[in-house]
Each structure stands twice: as C-alpha cells, then as structure tokens.
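Keep in mind that what you see is a predicted model, and the values were worked out from it rather than measured.
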There are 2 protein chains.
Amino acid sequence: MGRPTMEDVAARAGVSRALVSLVMRGSPKVSEQRRQAVLLAAEELGYSPHAMARSLASATSTVLGAMVSDLHNAFFAEVVEGLEAAASAEGFDLILNTGGRSPSRERRAVDSLLSFRPAGIALLGPVVPASTIASAAAQAPTVLVSRASRLSTVDTVNDDGEAGSGLAVDHLVQLGHRAIAHLDGGNGSQSSLRRKGYVAAMQRNGLQPLVIASEYTDTAGAKAIRALLERGEPLPTAIVAANDFNAVGAISALEDTGLRVPDDVSVVGYDNTSLAALRHVSLTTVDQPRNEMGRLAAEALLERVRGQRSEAMHRWLHPSLVVRATTSPPSR
Amino acid sequence: MGRPTMEDVAARAGVSRALVSLVMRGSPKVSEQRRQAVLLAAEELGYSPHAMARSLASATSTVLGAMVSDLHNAFFAEVVEGLEAAASAEGFDLILNTGGRSPSRERRAVDSLLSFRPAGIALLGPVVPASTIASAAAQAPTVLVSRASRLSTVDTVNDDGEAGSGLAVDHLVQLGHRAIAHLDGGNGSQSSLRRKGYVAAMQRNGLQPLVIASEYTDTAGAKAIRALLERGEPLPTAIVAANDFNAVGAISALEDTGLRVPDDVSVVGYDNTSLAALRHVSLTTVDQPRNEMGRLAAEALLERVRGQRSEAMHRWLHPSLVVRATTSPPSR
DNA sequence: TCCAACCAATAGAGCGCTCTAACGCAGGAC
DNA sequence: GTCCTGCGTTAGAGCGCTCTATTGGTTGGA
C-alpha cells in the first residue's frame, strides 16, 4: 500500500537510498551496472520521485510558478506557452494559478504559489497593488508580464504599447487617412501607453489627435462609436481601437448605422487575439510577441535563480502590425 | 536569512513548534492568549506555512491538480473557475498545468501534477490514451471533464451533447425550418455525440438528416459551406454547426456568397463561447453549464478524497439553448 | 483529601528525499 | 610494504512540518 519510495527501490535494487537518489538525478558518478539495476527496480515498482520531498530536502526547487490574472484572455495562454517551453527546456516544471482579475483573489493565488517555494514566479497581467508584488519578490525571484513596475527587485516584460499605437497610426496615414480617432482603454493595463503613442504619432504626422473614452470590451467599443456619432461632427475616417474586443464592438456599431468597414471607416485593433484572425472578423491589428514574452520572462527568472543577475531587468518588446481586411484607403 | 520557519515563530512567541502548528491549522484546542501571541509573531516575521513540508508530514494533501488540455479554449477557463470556487470553499488549493493537446506533453503534465502528490486531479478535455488515465487514477483520485470513460476508477463530468444538438434542431423546427444540415466536428471531443443527437432529432421530427464533414475551427466551417454550395442541390435553410468557431466560419462563407444570416440561412453554434456573445457575432448557440461542470468535478474528487464514495460517478449535464441573432423563421 | 477527567502544551519520531562527510577499495608512486 | 589519490558507494543528519504519546496543571466529584 502507498506509493513506492526511494527506500523501496533501493531495497529491490540491493543498493543504498543515496545511490538511488544519484541515479534519479542523473549523476555521472554511478557505475553503469548499478544504474541499470536501479532503473529496472524503479520501473518495476512504478516509482516516480516525490517532488515535494525533493525540494524540501534540497532547498532548491525546480518549479516555476505563474499567476495568470485572467484565464479567459487567450493573450495569456500564449505567454504561458512561451514560459512553459523555456522552463521545461531548462528542466523546470511550471505550475499555474489564477486570480480572476480580483486583487484579493490574486493575492491569495500568489501566496498559494509561494507556499510551494518555487524557484521563481511570473505574474501575468496582475492587478494587485505594488506592495503585494514587492512582498512576493522578497520571497522568490519575480517577473511581471504586461505590467510595468519600478521596483528594483522585480523584472518586467512588456510590449511597447507606445510604439504599437504608432504603427497603427502610421499605417493609416500611409493609406491616406488624416482624421484618425483613438478609443481609449480606460484603466485597462497598458492603455495609457497606447494612448500616449497614438497622440505622439498623430503629432509627429502633423495631425490633430481625437481621444474617445472607452474600455477593453466590445460593448464599450460600440458605445464609444455611438458617442462619437452623437457629436454631430464629421466622423473620422479611421479608428485606432483600444484592443481587439473594443475594435469588434466599434465595427458592429458602425455597421449598425449603415457604415461599412473598411469602405467608410477603417479600424485597427490591438493584441492580435484569435478573434482578430477569424475570417469573419479579419481585423487589422497590432501583434505582441506573446510567446517571446513568455520565453523572456522564464529566462529572467532563471537568470535570477542562478544568481547570474541581481539588478532589475525591464524588457520592452517591439510589437508589429498585422494588416487584414478592416483597413483601406479612405473613400472621401 | 531564508524564509522564517515554524521554529522561528515558536521561538519568537515563546511556545513550542507543535503549538504553532496547531494555531496554523486552526485547532480549537489552543488558548486564545497563545493563539494571539503566535499569530502576532507569525505576522511580524512574515511567516507563511510551507505547503510541501506540510503535505510531506501529514501524508494528506490539500492540493487539487488540474491538467488543462488547451489553455486557448475559453471553455476550460470557466470550468477552472468552477473547480477553483468549489476547491477553495473546501480549503483546497488548485494548481494548474497545461498539455497543449499533445498526448506526450499531456502525459508529462499529468506526471508533473502527480509529483506534487495532490489529493486528486482533474483532467480537462485530455487527449491521452485511456491507459494513461488509468495509471494516473491508480495514483490519485481522478475526474475527467469533457471526456467520457468506462474506467471504473475514474469519475466523469460531461455535457449531454446528444441532447444539446436536439435542442438546436427543435428550435429550428419550431421556427419552421425543415431542411437542416449538420456540420460534423470530425474527431473533436464529443462531436460524435452531437452528430448522433442531430440525426435522432431530425428523425424524431420526421426530417431527412444531412451531415457535412467538418471540424472544430472557423476555416473548416467555411470550407464545409463551400462544399455544400458546390453540390448544386438547394441549400438547407438552417445549419447546426459543430461548435461556435465552426459556426462563425460557416457564417462568413455564407456572407461571402451574398447570402444573409439569418434571412437566408439560420445558423446555430455550440458551446456559447465569449465569441458567440460578441454583438458583432451574436450567435444562437448551445450553452454547456461550464461552471457547474467544474464544481461537480471538484465535488467528485472531494468525495473520493474523503472516502465517501468508491464506485465511479458519471454525470451528464443538460445543456441549454441561447437564442441570439443568427436564427429566424425561413424566408422561403 | 484523593483520584479521575480533562485540558493546554510539548517532546520526539518520522514523512521522502538530498547532501556532506566518510568509507572501502583499486591502482600507482615511492 | 606504505602512502596517497581517486572513484563508486553509503551512513546519517536534516529540510519544515504533522502527529502520537505524554506531561503538567487545573477542575470536579466521590
């Protein structure tokens, strides 16, 4: 009864527990003969090492933890892929957790991760206060993804939202647009950067910025368009939306009033979610290198774990534009 | 240096380590005075219990593990919410893992979860062979979600896909449709149940079934529609799609040929993903009680953990229809 | 007054593993 | 023959906690 332990394997193979431990960790200082005997015994007993006992004894963990603020957002799914790939390539296991975009739940989630004493943790799009992040960073190397921080103890990996909006504006300007509005992401993560980038790009092109308050949802996007229509001013010929959801909401509100996208109004999204790629939507949008962000986050943690670096690292990745069917030269 | 241990807290509070242990586990047999002293000391030191040492010592884990086959699928995100809620209500922590819909990666993911010796594990939409599931079930109570199994050692929680397709067909028949086609989900999970339900409902209504091969993606949905058009036969007035993605692909292919949804053709999806709820899409679809599925999965595990049940439990949940804007009476 | 009963608190073993130090044994140098 | 070196192997302590058994102190009933 009970799962077999290292002791059981040792007894069966006729060696000591320590030798089994060496074999399990792939040590070179074991004779081939003994190694085979141990592996055979382990196989026969269906033995697999007890990760918790191991990390308790070694005081060094081979586990990385990641708190995903929002599992519904496919954005993070791809960041996780990148994390996973980089972690497992270095022999680390990744365990996940979710915080549901609620500060208190995220806090508990982070505590729960830390209770496993992981080698490091990644927080993906966390909404917790900086103090919570600081106290987590005091317990294990910590990296933030999609969240900036000036803390000297945490690393960050972000998309350069300012540059991303700039790409969108430049693309539209190149198509011949001059009246380009921006739907602002409100208090969504990174939204102020995106707004800043939009305003800067407009000014750089000698154009007048027009920012409409909105949020990171499709209903908010639709509402913003209706608000824009009610102004009675001539409608812009192009829209730089806060993100993809926001863009899709804007598109449907435009179409509701008989306007056609992109014939009457061009629309650019942000994030290049799977939604944008659907042929029914086919949204021109700004792509963040999500997979790469995950990979860099994992590498940042591993560098800290190995003591190769102790100052904070802040990476800003360059987004790129994905041109699809919702942008075209203005008809007017 | 290093994180504070129970011993540190005990020393600071002037009590024994065992007493601190009792306080941490909320035992009633501790005087209020000592309890306060211990809590204060723990607070001051920033102590939090070491989950792995705890489970090692107690041989009983308060951790549930879940392997999510596909993080990109928002379906599982909501199942996880349900799992999480039920688990934390009972004092269990949930850790996640992902297998990327690859049998070998999923196998490793399951092994990794088991190495934490969790009280039980949930496999969400796994694609591993039954033998892998059986060997996991031998190590910890196991429940499958969105995957059927006849193994007597595992519990399952599934949506009744047969009933779901029936709901879709009945809804369309009630609107007056008689020529209703089904886009089949191919080897996607549960697709054969959905097809079976469709065929049965058609026959029950005295109608001729028409099944078109397809898959669970939007491009496959579009392709299936094009295949249907090339047949040269009169087009059905309604489509029961394999799932929401498939439906959206079908809709865009229909619109590409100048047909209007729902005026010319009604379309019903399956899964009620967030995509279906977008106003731009507004898809009539079949909803699975995802949250409830997660909750039931957690409860199934906890019953096993507590030894309240040892025979397998197989739950089939009733889906419901969500009527939106892609279905209407036929024009012809 | 005494002992049983109860309660808060503790000592100490042990969960399954890793790691340090030490061991025995081979081979080579002196 | 002795000493050293190097290598494969092992004993044993200890990681941070839980749990059983036990202690000492109070209480209440006979």
Side-chain angles (χ1 to χ4, degrees), chain A residues 1-39 41-42 45-63 91 93 114-119 139-140, chain B residues 1-39 41-42 45-63 91 93 114-119 139-140:
Chain A
M1 34 148 287
R3 299 199 46 181
T5 75
M6 200 166 253
E7 204 78 52
D8 299 331
V9 177
R12 183 170 191 116
V15 299
S16 71
R17 173 169 34 80
L19 209 247
V20 177
S21 173
L22 290 174
V23 172
M24 288 301 151
R25 285 174 290 147
S27 163
K29 38 177 88 175
V30 176
S31 69
E32 194 51 33
Q33 177 196 352
R34 303 277 177 133
R35 177 190 308 284
Q36 292 305 332
V38 167
L39 290 177
L45 292 174
Y47 171 81
S48 76
H50 190 313
M52 319 187 84
R54 164 176 292 180
S55 84
L56 183 60
S58 67
T60 74
S61 160
T62 62
V63 172
D93 275 341
L114 287 172
S115 76
F116 288 97
R117 300 297 189 273
Q139 302 188 44
Chain B
M1 37 151 289
R3 298 199 47 179
T5 75
M6 202 167 252
E7 204 79 51
D8 299 329
V9 176
R12 182 170 191 115
V15 299
S16 71
R17 173 169 35 80
L19 208 248
V20 176
S21 172
L22 291 174
V23 171
M24 287 302 150
R25 284 173 289 148
S27 162
K29 39 177 87 178
V30 176
S31 70
E32 194 50 32
Q33 178 196 353
R34 302 274 178 137
R35 178 190 307 283
Q36 292 305 333
V38 167
L39 290 177
L45 292 175
Y47 170 81
S48 77
H50 191 312
M52 320 188 83
R54 165 176 292 179
S55 85
L56 183 60
S58 67
T60 73
S61 160
T62 63
V63 171
D93 275 342
L114 287 172
S115 77
F116 289 97
R117 301 296 190 271
Q139 302 188 45

Contact summary for [X] and [Y], nearest pair of heavy atoms:
{"X": "A:Val38", "Y": "A:Ala13", "value": "CA-CB, 4.0 Å"}
{"X": "B:Tyr47", "Y": "B:Thr5", "value": "CE1-C, 3.5 Å"}
{"X": "A:Ala119", "Y": "A:Ala140", "value": "O-CB, 4.5 Å"}

Tell me which one of A:Val15, A:Val20, A:Leu22 satisfies side chain to side chain contact (heavy atoms under 4.5 Å, CB included) with A:Val30.
A:Leu22
If the cut-off is 4.0 Å, is B:Ser31 near the phosphate of C:dC7, judged by side-chain N/O to OP1 or OP2?
no
Quick check on the helix from C:dT1-D:dA30 to C:dC30-D:dG1: what's the angle between its two end axes, five base pairs per end, to the nearest 10°?
60°
Would A:Arg3 and A:Ser48 count as having a side-chain donor-acceptor pair, cut-off 3.5 Å?
yes
For B:Ser21 and B:Arg25, which I'm curious about, is there any donor-acceptor pair between the side chains at under 3.5 Å?
yes
Here the distance between atom P of D:dG24 and atom NZ of B:Lys29, to the nearest Å, is 19 Å
Counting primed atoms plus P, OP1 and OP2 as sugar-phosphate and everything else as base, spell out the protein contacts along nucleotides 10-20 of chain C at 4.0 Å heavy-atom distance: B, S or - for each nucleotide, 5' to 3'.
BBBBBBBBBB-
Using a cut-off of 6.0 Å, state whether more than 12 heavy atoms not belonging to A:Glu32 lie near its atom CD.
yes
Keeping the roles fixed (side chain from B:Ser27, backbone from B:Val23), state whether a donor-acceptor pair exists under 3.5 Å.
no
